[in-house]
Each structure stands twice: as structure tokens, then as C-alpha cells.
Amino acid sequence: MNQVNDRSRDIGAFVPAPDDDMIICRCEEITKGEIRKAVHDGMFTMTEIRRYLRTGMGLCQGQTCAKLVKGIVARELGISPAELEPATSRVPMRPIEMHIFANEAK
Amino acid sequence: MSNCAEVVIIGGGIIGCATAYYLAKKGTSVIVLEGSDHIGNGGSSRNGGGVRQSGRDPRELPLVMYGINHYWPTLSEELEVDCEYHQDGNLRLGKTEKHLQILQGLTDRAVAVGLDVRMIDSDEVRAINPYLSEEVIGASWCPTDGHANPLTTTLGYYKMARRLGVHFITGEKVKELRKIKGKLRQVITENNVYEGETVVLAAGLDSRQIAATVGIDIPMQAAMLEALVTEAEPHMFDQMLGTAEADFYGHQTKHGSFVFGGSSGLEGFTKDNGTPVTNSLTAPCICRGIMKYFPILSDAKIVRTWAGWMDKVVDGVPVLGNVEEVPGLVLACGFTGHGFGIAPSAASQLAELIVDGTTHVDLTDLRYDRFKAKI
Amino acid sequence: MKRYDLIIVGAGPSGLSAAIEAARRGLNVVVFDENEKPGGQLFKQIHKFFGSKEHKAKIRGFVIGEQLLKEADEAGVEVVLNATVIGLYQDKEVVVRIGEAVHHYKGDAVIIATGASENMVTFDGWTLPGVIGAGAAQTMMNLHGVKPGNKVLMLGSGNVGLVVSFQLLQCGCEVVALVDAAPKVGGYGVHAAKVARTGVPFYLSHTIVKAEGEECVTGVTIAEVDSHFQFIPGTEKHFDVDTICLAVGLSPMSQLLKMAGCEMEDNPKRGGQVPICDEYGRTSLPGVFVAGDVSGIEEASSAMIEGRMAGIVAAEYLGYMEKEELDSNLVDLDKALDGLRQGMFAPKNRGKDIETTDEGIPVSKNLLKHGFVADDEIERFPGVTHAKGIHPVMECTQNIPCNPCQDACPKHCIRIGSNITALPAVEEGSECVGCGMCVASCSGQAIFLVDETYEEGYASITIPYEFLPLPEVGAKGNALGRDGKKVCDAEVISVKSIPAFDKTNLLTMKVPTEYAMKARFYKEA
């Protein structure tokens, strides 16, 4: 937590790749190319990527794509995926209907 | 990279990012220091997305109106990101006569400053939003209000400022400000010392502690706000919503999900857990609030809830501008939970203040020296 | 608000084990699980488990699940199913969705035993219907009785990929290939061998180029990769399939811990984002413990021991047990867990190139490359001997923590010794009676009974056989070699299914004597 992170450091230019149109986040239909471009727009953390693109914000809350996105971002930044902190987990762990969430058992 | 710039901004939220952007556009060199690991990690990413004039204090109304006229309509093009700005009006809903009285008071005060806002009856409310329950008996209606996506807007400012050469550093928590020869000059973090001719303090709640290091005390406190988001639903309406009772507020996003904020009534006394972790009682309470107004949403699935600390100032409006006692210090904090909609104009005016020495909108009422005893 | 001594999230092997231990010490324990059936992954595990007999070896996973449930019930544990924990809040408050309401509970201690979820891998077409996780395939087959597909390609040669491939075969699917980008089979050799001998080809150093099809999967193309995992042009191979199974690892489901403010770390050796905890599951939050895959991906056997540890640690934390008693209890559990973490597949050996067994025998390269031990390699292992009359041939060639065969033989023909990972050897001077208990006891299906002097010119070979329908005695078919290719004609001379074999049928076939050490599977012609 709280690692000094210089957002102006050179990560090279965005280079288009043949698989850029591959869907990575299925719930929100975000492609590999969009994720890679976001990194070059300065989104250096998993949290920023998520807020910028909505990856992992769909019904599965990143259960499927979190690791995949992480791998792509890490590669773009030239670091190990382990250096990227996953985005925060949020209540509810599973989607829940409003009327059920509202209904607190006494 | 140099640790010196003409302006050092403390805080990488929407205020810090937008101020950096407008300064950079004017050719000013800027460093932005963000204490957390992420840009826009405070209220900027934890709010309901309102771009509202109605319901605001008359002292800040001119500033937000300036933003809605000059910045919001073209912001997506300017920032090259979809800010999802909708100017489809704000309904502030009432269910009781007492609610209507509250709304009337707010409306009268806003009309007096020149805002197009009026009271409407239940038929007109339902003509605007047919999904509302029969319990709603009236509302205030401000057709020029709206909403936007706080996440893409904040990060859009960041992206463009960065592109203009603003130097952003995250994970750089500011410990202390230091005057040199009577003028604020140094910003000291755990790891480094940064220098600027002007220091903008836009660190939300943390601003109080940082300002204290140069003997400035901003009367503000933490209060926790919470919000929730549903799965994507078919498109229903485009207005921003609030209620006289303040039991929830929010809108439907472009994505289809509904973002609703609200409270449990225990805010202000929330245990400080160090991080903004939601309270187990709040989301169910927000759900109950929403369902009273929108029974149709009772089957919508909640996918996520979140919390954020609000920098709640004693009189409810932000603290903006120079501080005479500390030359070189510019405050931009205390937005009290409604800083998102006002951010573009607040930031642009601060940039004007810093570079030109004058502003288009008079900021006098928002200055730090306004705080006085009651008698 | 209702308060429990201990709230456990997850009724899988670790959660139930923790609940049993804690409840036996007098704690008021509740276990919540979002599924309609308890037992977690155990109820999908129809194969026999490895390990020592003290820790449920040679028992099928779902039976272990039933045993745990019974023990939990007897200990007074409250297991609440269809109960989705939606949040772990401050002060160890657990909010659970049950039916049409949410319930708030507090635990003086909380054990998170939520397990893991499957990883995905991307390739062209990976989002097509028909691309599924291996765990999902297992759920379909073993919980719901649904055949996942007809022609399947499996990606991933770890134990999950190997075990599920075998189950797909048992389910009646055709497994067209088992593919892994790694240059070596990742899982137990015995699991690989039982798949390979049925004729499934292994493609190591290969991965999927693309899944084909418009609306759903109709085919797949794989290609060889170089040491940097880049495709080698010209090595593409196409298969017609309707299903692609992905067995590319698991990730701990640690979200509840993260949201509760536990200190976390990203640890690739543990499978991803895991709580920082000590060896007994104590996290950075006092009173919050973890057990099982959520704290690092391992096997169900170790998850059960970790659960027991967490259960008694929680008991001591809440004053239901003295520190001395805890320490003495932990000694035994430490030993058991340590035993499971030995051998070639031990966590400490991950990623290492192991050239020889503990006994100093060169490992089978062919097994790692093609999934089976080559005919010219097999004779160097201590379980493979020649003798007059019927005798066991144990094609167990890697040091793995497993020893049921040693105790299975009523005549003490098989020796592993005190080191549970040692290769089984034939005890000299012992006399095999051909009862077949060793064959049925071997979780890896690696033990055969061979009688090279069955009758003039013919040998008999008894193999473990877990496919239906069972061949009739007298049926004539093909004997397949370890590589799954036909070696000779064979005739079924006996099919034995007795309760003691626990659903492993023993099929005995007659083959010409020269194929006695080659024929290892029977297939109808």
C-alpha cells in the first residue's frame, strides 16, 4: 500500500496488436485493446482501470477477468502481476435483489 | 524528474486533477501529489454523480451555474472520454406537506439567485418520470440540472492533464507544509520534498491536518456517505433524483445501472475504521428508501456498495481561494459531499486565480476567512 | 443481533473440518454455505483420494464429504445451506442472505473457508458457448448428471485437468486431446497414465490458438509453443470438438477477507490474492481465521487438516481450550500436514526440475512428455518385478504422499515404509494370493496383477476398471499399451466387483505372454 508511483514514467508508446479486439471482461464487454490503451492513458492501477473502463464491475464482479486484466496491465507496465494490487472487493459478494437486501430479518 | 513546479497540488481527486488540467492549459507547470495509490480515490469516485444547481447554498450557486453553462456541455469532447453528462433535470421529491415546505424554501432561495427551478405537482412529476410511486405528491424541478459519471470524468481530467505534462505522483502522502521566508514554498512527504510558488490544498478530509502544519484550521469533519449500484436495467429515465427527506439520491447511468446514494441516519457518528468500509445497516436502509419511491426497482439486483468520507464543513459550502495569512496557499477543500458537479468551474476559477489573479466568478463568499463565531 | 462463538463461511472440506473440531470443544458453531448441498468440491470428487489411511486415503471424495457431514451433525454443528454470505463487516459481523431476507450475525470468531474459483485463459473464441471450466464440467457430470459435451479437448495437465479428463471418459465423452503449454505434465503421473492408456493423446508444449465456431464451439486449433510460449508456425493441429475444458488453475476466493480489511498479499505460489496468515490460519484481524484453498491452493486432503487446525486455534482463542492442549493437538496435525507436503509435488518443489526419485531412480521422461511411462523405462522402478505366478506390478514412479497399498495387502507383499512418499516395492519372499485388494486400493490405478505363467503362451493381467458397462467374461477385444495403442488381442477372463473394492472393478484379461508387461488397458474391439 502507498507505493510512490510516478505517473510520468516512460512505459513506451501504445503499439496496436492483432488480438486487441479480444473480449477480456465478458460482463462489460471490455477488450484487451481498451485495457492496454487505458494503461497508456495513465491508468496504472487495477482500481483506476476498473473505474475508467468498468472491467470487473459487472455481475461477476471480476471473478472471471480480474486475473486476466491484471496480466495485461502488468505486461503493459513492464512489471510483475504480483506488484499490482487487485481492486477492492465490495459487498454484496453475490448480486442480491433490492427487496431482499431491504428485508432485514429481525 | 524535477521536484519543483510553479504549482504543487496536494490531492489527486477531481478538484486536483481538474485544477492541474486548467493550469496546464494556461502553460503552468504542475506537480500533483496523491496520498493514496489511486487517482480519484476519495469522494471523486464515491459520489452519486449529480451535476446539480438546485438544493445548493446561494453562496456556491453562481460557481456551479458557471460550470453548467461553460464546461459540462462540452466536457466529454474536451477530455476525450465519455463523461456521460445528461442535462435532463433534477427532481427533488416530496411525499408529505412538510416535504413540500422544505422544497418550497429551497426553491425560493434558488430563484432569488436566478436559477430556473420551480415546484411541480404530482401529475407533472409523473409526466416527467412515470415510474414514481403514488406516494410522491410533488417535487421541485430544475430542468437544467443533470448528472455525469464521476469516475470517467475524474480520470478524464487526469488523463488530459498528464498528457499536457502535469507530473502526477501517487502514493505520496503529504506530511507537512513549510514556509520559507514568510511564504509557503515546500511540500514535505514521507519520501521527498517538493517546491512550488503556489500550493493548492485539495486533499479532501486530509486537508485539515495538512493545513494545520502552517497554522490554518478548516472547521470540517468526516461523515460517511454510502452508495450502491444495481445491475444494468433497461433504460427508464434520465433525470437526477433527490428527496426532501434525503433518504436517497441518484440516477440511471448510461450503462443502465442505477447509482443511488443514501444514509442510515447514523452518519457523522460512524466508527472511523481507517478505510471507508460500508456499514452493514446502510445499504438495506437505502434499498428501503428507494423502493418507497420506485417499487418497480424492487427486483433489481444490487451488485456493489461503497462508502466514502465526506469533508463536511461547518456551514456546508467549500473553502476556496487564497489564504492571506499564508501567502502561496490556495485552499480547495470542504466540498461537503457535493463537490463533483461544481468541480470543473471550481478548478477553472482556481487556475484563473493562480495565473491571472482574477476570476470570472466571485469567490469571496467561499474564502477561508469567512468562519466567524455566531454572535 | 444473534451471536455465535464461531461463524464459518463455507461448508467444504476445510470449513466442515474446522466446525467439527470447534464444536467438539464446546463452541457454538454455525456454518453458512451458498450451495444447496454441503461438502464443497468433495461431492464432485468421485475418485479415490491419495494420502495416508489416517487421513481418508483411498476413500472417494464424496464419501469423505458424507463422513464429514455426519461428524459435524454429531458434534452439534449448525449447517445452513442456500445461505449466501454477502459481507464480512467490522466487529466480525457476517451478513447472510437466506431465502428472501438478509440476516445479521456476529461471531466471536470467524473462519473463512470459501475455497477457490477457476481461472480462465484467453484465446481467439474463448467466450464461445462450449468453452467451460473443468470444475464446471465436473459439476455438470457429477452433481447434476449432465454430460458436458461429446467431443472434448482438455487444456491443462495438472491434477484437475487429468482427473476431470478421466471423469469425462467415464461419463462417455470422447477426450480428443489433453493439451498443456508447459513442457511437462503438471499433475501426478499416475493420473496422467490412467488417461493416456485409454488412448487420449497428450500435447505438451502446446496451447490453444483458437476456438472455432459461430454460435458455439465446433472445433479447436492448437499449436506448439516455444520456450517463451510463442506459437511455432506450421505446428497447428485441428480437432472437431463441441467442448473445450479449461483446467488452468484456481484462484483463492478471498474477497470477504479483503473487504473486511485483512492484510492481503499477492502470492503466485498460493494461487493469487491471499490473506497474510500464520501456519494455523490466524489472519491480521484478531479472531478471523482462514482454512483451505482461500489461503493458498492445495488439495482437499490438506484443506481438511488446515480446517482442523483453524477449528482448534479458534477454540483456544475463545478460551475453550488451554494453550498446552492446543499445542499438543497441533503437533499431530503439523505432522500430518507436513506428510502431505512431501514428495515431488510438494509446494517447495514447485517449478523445480526433478531428475531422480528419492530412491535415486531417473524419473520417466516419457511420462512427463506424453503422459505414460515408456516400455523401456518401466522396469527400473521398484514396484515392477517379475515373478512366478500371480504378483503385483506397481507402476508408481513418482514420490507422492500415498500409502494405502501397503496396508491393503493381507499378505504384506507391498512395502512403502514409514516415509509416505517412498515408491512402493515388492516385499521379497512374500506370497501374492491374487486377491486384488492392492489393485482396488490404489487411488492412482497404477497397480496391476500379472501372471506371466497363466497358461501356456498366455499371461493374465488384472487391471482396475472404472467404466460402464462392464465387459462380459469371454468378451474379446483389444489390449492397449500404456500409450493407449493396441498391442494385441485380449480376452476377458474375469470381472470382479466386490464391496471391498469400493466400485473399482477388477478386469482380468488374457494376452500372449510376450505382452504381459505391455498390455495395461482393455477396450472392446
Side-chain angles (χ1 to χ4, degrees), chain A residues 1 3 17-33 35-36 45-47 55-56 60-75 79-106, chain C residues 1-2 9 34 83-89 93-105 114 116-128 131 133 209-210 246 248-274:
Chain A
M1 188 65 185
Q3 289 280 314
D19 60 353
D20 275 344
D21 58 354
M22 189 192 290
I23 297 273
I24 301 297
C25 169
R26 302 176 73 158
C27 300
E28 298 295 329
E29 300 189 342
I30 313 294
T31 64
K32 186 172 184 178
I35 296 165
R36 293 178 54 240
T45 70
M46 296 304 289
T47 298
T55 48
C60 92
Q61 289 288 295
Q63 189 82 56
T64 308
C65 71
K67 248 188 185 171
L68 302 173
V69 177
K70 207 173 171 192
I72 295 166
V73 174
R75 175 174 284 211
I79 59 176
S80 145
E83 291 177 54
L84 284 171
E85 195 192 351
T88 312
S89 310
R90 306 270 187 210
V91 174
M93 287 298 297
R94 300 282 184 264
I96 179 168
E97 290 85 347
M98 199 178 282
H99 73 272
I100 298 174
F101 210 178
N103 181 26
E104 291 172 284
K106 292 288 173 285
Chain C
M1 192 179 297
K2 176 142 191 185
V9 186
E34 64 180 333
T84 306
V85 171
I86 58 173
L88 174 57
Y89 291 89
E93 179 179 343
V94 176
V95 178
V96 196
R97 177 228 173 122
I98 303 171
E100 296 284 294
V102 291
H103 298 247
H104 298 256
Y105 301 107
T114 41
S117 65
E118 289 193 87
N119 290 343
M120 287 289 127
V121 64
T122 56
F123 43 81
D124 194 5
W126 77 284
T127 57
L128 279 173
V131 180
V209 179
K210 64 174 174 182
L246 306 179
V248 289
L250 301 169
S251 291
M253 285 207 284
S254 56
Q255 292 92 334
L256 276 174
L257 295 153
K258 189 172 168 75
M259 83 175 53
C262 239
E263 280 177 38
M264 309 290 288
E265 66 170 346
D266 208 299
N267 189 334
K269 283 186 180 155
R270 288 171 180 254
Q273 171 89 346
V274 288

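Heavy-atom basis, side chains included; hydrogens, waters and symmetry copies ignored. Chain naming here is simple, since letters A, B, ... match the order of the sequence lines and numbering starts at 1 in each.
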(request) Determine which residues belonging to residues 99-106 of chain A lie within contact range of chain C, meaning some heavy atom pair is under 4.5 Å apart, and list them by number or answer 'none'. (result) H99(A), I100(A), F101(A), N103(A), E104(A), A105(A)

(request) Select one option (side chain, backbone, both, neither) describing which atoms of K70(A) are under 4.5 Å from chain C's heavy atoms. (result) side chain

(message) Heavy-atom pairs under 4.5 Å with chain A - which of V85(C), L257(C), T122(C) has more of them than the others?
(response) T122(C)

(message) Please check this pair: side chain of W126(C) against backbone of I23(A), looking for a donor-acceptor N/O pair closer than 3.5 Å.
(response) yes

(message) Please classify the contact between Y89(C) and chain A as side chain, backbone, both or neither, with a heavy-atom cut-off of under 4.5 Å.
(response) side chain

(request) Could you look at V95(C) and say if it's the side chain, the backbone, both or neither that has a heavy atom under 4.5 Å from chain A? (result) neither

(message) Does any backbone or side-chain atom of T84(C) lie under 4.5 Å from a heavy atom of chain A? Answer side chain, backbone, both or neither.
(response) side chain

(message) For E265(C), which atoms come within 4.5 Å of any heavy atom of chain A: side chain, backbone, both, or neither?
(response) neither

(request) Output all residues satisfying side-chain contact (heavy atoms from CB on, under 4.5 Å) with A66(A), sequence neighbours left out; order by chain, then residue number. (result) none

(message) Working to the nearest 0.5 angstrom, can you tell me the gap between D124(C) CG and D19(A) CG?
(response) 9.0 Å

(message) A side-chain contact here means heavy atoms from C-beta on lying under 4.5 Å apart; do D266(C) and P86(A) qualify?
(response) yes

(request) List for me each residue that meets side-chain contact (heavy atoms from CB on, under 4.5 Å) alongside P92(A), sequence neighbours excluded, and say none if there are none. (result) I96(A), I302(B), T305(B), I86(C)

(request) Check for a donor-acceptor pair, side chain of S254(C) on one end and backbone N or O of Q273(C) on the other, with a separation under 3.5 Å. (result) yes

(request) Against chain C, label L84(A) side chain, backbone, both or neither, depending on which of its atoms sit under 4.5 Å from a heavy atom there. (result) backbone

(request) List in chain and number order the residues that pass side-chain contact (heavy atoms from CB on, under 4.5 Å) with Q61(A), two or more places apart in sequence or in another chain; answer none if no residue qualifies. (result) V303(B), R304(B)

(request) State, without any angle test, whether N119(C) and S251(C) hold a side-chain donor-acceptor pair at a distance under 3.5 Å. (result) yes

(message) Under 4.5 Å from any heavy atom of chain A, what part of M253(C) do you find: side chain, backbone, both or neither?
(response) side chain

(request) Check each atom of L256(C) against the heavy atoms of chain A and say whether the ones under 4.5 Å are side chain, backbone, both or neither. (result) both

(message) I'd like to know if the side chain of R97(C) and the backbone of G99(C) have a donor-acceptor N/O pair within less than 3.5 Å.
(response) yes

(message) Looking at R36(A) and D20(A), would you say the former's side chain and the latter's main chain have a donor-acceptor pair under 3.5 Å?
(response) no

